[in-house]
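Order of the sequence lines fixes the chain letters, A, B, ..., with proteins taken first and strands second; residue numbering starts at 1 for each chain.
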2 protein chains.
Amino acid sequence: MILNKTTEYAFTILGFMATREEEMYSAEYLHDQLKIPRRYLRRLLTDLTKHGFLKSSLGRNGGFVFAKELKEINFQMVLNALEGSDALTTCFLGFSCCVVDHPCVMHDTWVEARSKMIETLTNTSLADLREKYQRDIAKNIPTI
Amino acid sequence: MILNKTTEYAFTILGFMATREEEMYSAEYLHDQLKIPRRYLRRLLTDLTKHGFLKSSLGRNGGFVFAKELKEINFQMVLNALEGSDALTTCFLGFSCCVVDHPCVMHDTWVEARSKMIETLTNTSLADLREKYQRDIAKNIPTI
DNA sequence: TATAAATGCTATAAAAAGGTAGTAGTTTAT
DNA sequence: ATAAACTACTACCTTTTTATAGCATTTATA
């Protein structure tokens, strides 16, 4: 498994919010649109707020907006916030004693493959997602 | 999370067996060497046997040996056997409706990053691991 | 031939992840 | 005043993953 469900949900939510035009998104609306379980979604939104990706506003007509510029949020940051920095850095062969000075036999191969992935996650911001979405729409490409 | 624990254990076991010189490995010996929980390890070994990676022999002095040439076992095969082929192919943004004809906005980016990883897993066989291990030993590089 | 050291099978327990429910409270637009 | 939002906390349920246990079977060997 590459990502756990919670992280995947977070990506779904942020990706959705980044590509759509609403000013503000309520938990209820996101639930309707994305079919993520209601209560779980709410907890996750609170979590994303605490991590500084979103800002919440209380009261009627309240909801969630981005707390930063879209270009300042990338997928690596989100993954890191939700799964911790270990998520992409543990030894491939599962040896806890595998470190740079005393690597396992798969170390270099794995570091290389993994760093490609980390690079992609780091280099892709929500702003990139939004741009791509708008380009696709303009070209009439069916897009989610 | 990249891999679940069971898969990681499998990689540990196969990597260990591939680089060492024993003819046969008992569960008890592997437990001693690798500190994988005894009973769980045994089930996993049986599982790897059922999947055709290992052959078991019963009775006293029994144990496990490889069922194929080392070069015929790569990490992608093992991952696939233990986690299913979905493990590396689901939509990054978590949209079940994301398919080639109707991709999500991250689709291409993710497919590219992922295929690099799949390539690495596919191109690395246990024979490669063994070779690397022996080269490292010869060069006096500390290796696990 | 009895025994010890192996694996095979199946059931069950424990831990982690994912998900639901309730209650009480705060904030704010209308 | 009310309704529609979010916050916080607690408890509980379900599913999946990880781990343990008991008993059966196989086989070398003393």
Rounded to whole Å, the CG-P distance (A:L41 to C:dT20) equals 11 Å
Taken to the nearest whole Å, CD1/B:I13 to P/C:dT7 is 12 Å
**OP:** Give a yes or no on whether a donor-acceptor pair under 3.5 Å exists between the nucleobase atoms of D:dT7, that is its base, and the side chain of A:R43.
**Re:** no
Do side-chain atoms of A:H31 reach the backbone of A:A27 as a donor and acceptor pair under 3.5 angstrom?
-> no
Separation of C:dT10 atom P from B:R42 atom CZ, nearest Å, is 14 Å
To the nearest angstrom, the CG-P distance between B:L45 and C:dC9 comes to 14 Å
Here the distance between atom P of D:dT7 and atom CG of A:L48, to the nearest Å, is 11 Å
Rounded to whole Å, the CG-C1' distance (B:D47 to C:dT7) equals 14 Å
Exercise. Where do B:D136 and B:K132 land on the salt bridge (Lys or Arg N to Asp or Glu O under 4.0 Å) test, with the steps shown first?
Worked result: CA-CA 6 Å; B:D136 283 355; B:K132 171 105 166 41; 2.9 Å; yes
B:K5 has its side chain closest, among D:dT7, D:dT18, C:dT7, to D:dT18
Worksheet item: Would B:R38 and B:E28 pass as an ion pair if we require N to O under 4.0 Å?
Response: yes
Within less than 4.0 Å of OP1 or OP2 of D:dT17, is there a side-chain N or O belonging to B:T6? no
Quick note, ring-ring contact (aromatic ring centres under 6.0 Å, His included) partners involving residues 109-144 of chain A, not counting sequence neighbours, are A:F92-A:W110
_Taking the ring centre of each residue, are A:F53 and A:F66 less than 6.0 Å apart?_
no
Next on the checklist: Please determine whether a side-chain nitrogen or oxygen atom of B:T46 lies at a distance below 4.0 Å from atom OP1 or OP2 of C:dT7.
Outcome noted: no
When A:K50 and A:R60 are each assigned the nearest nucleotide of DNA chain D, the 5'-most assignment goes to A:R60
When rounded to whole Å, the CG to C1' distance for the pair B:L44 and C:dC9 reads 16 Å
5'-most contact on DNA chain C (nearest-nucleotide basis), A:L58 vs A:Y9, goes to A:Y9
### Message
Using a 4.0 Å heavy-atom cut-off, does B:G59 contact any base of the nucleic acid, only the sugar-phosphate backbone, or nothing at all?
### Response
base
d(A:M17 CE, A:L126 CG) to nearest 0.5 Å is 9.5 Å
Note: contacts of residues 14-40 of chain B with DNA chain C (heavy atom, under 4.0 Å) are B:S26, B:A27
When rounded to the nearest 0.5 Å, the distance separating CG of B:D47 from OH of B:Y9 is 14.5 Å
note: A:L82, atom CG; C:dA17, atom P; distance rounded to Å ~ 13 Å
* **Under 4.0 angstrom between A:S56 side-chain N/O and D:dT7 OP1 or OP2** => yes
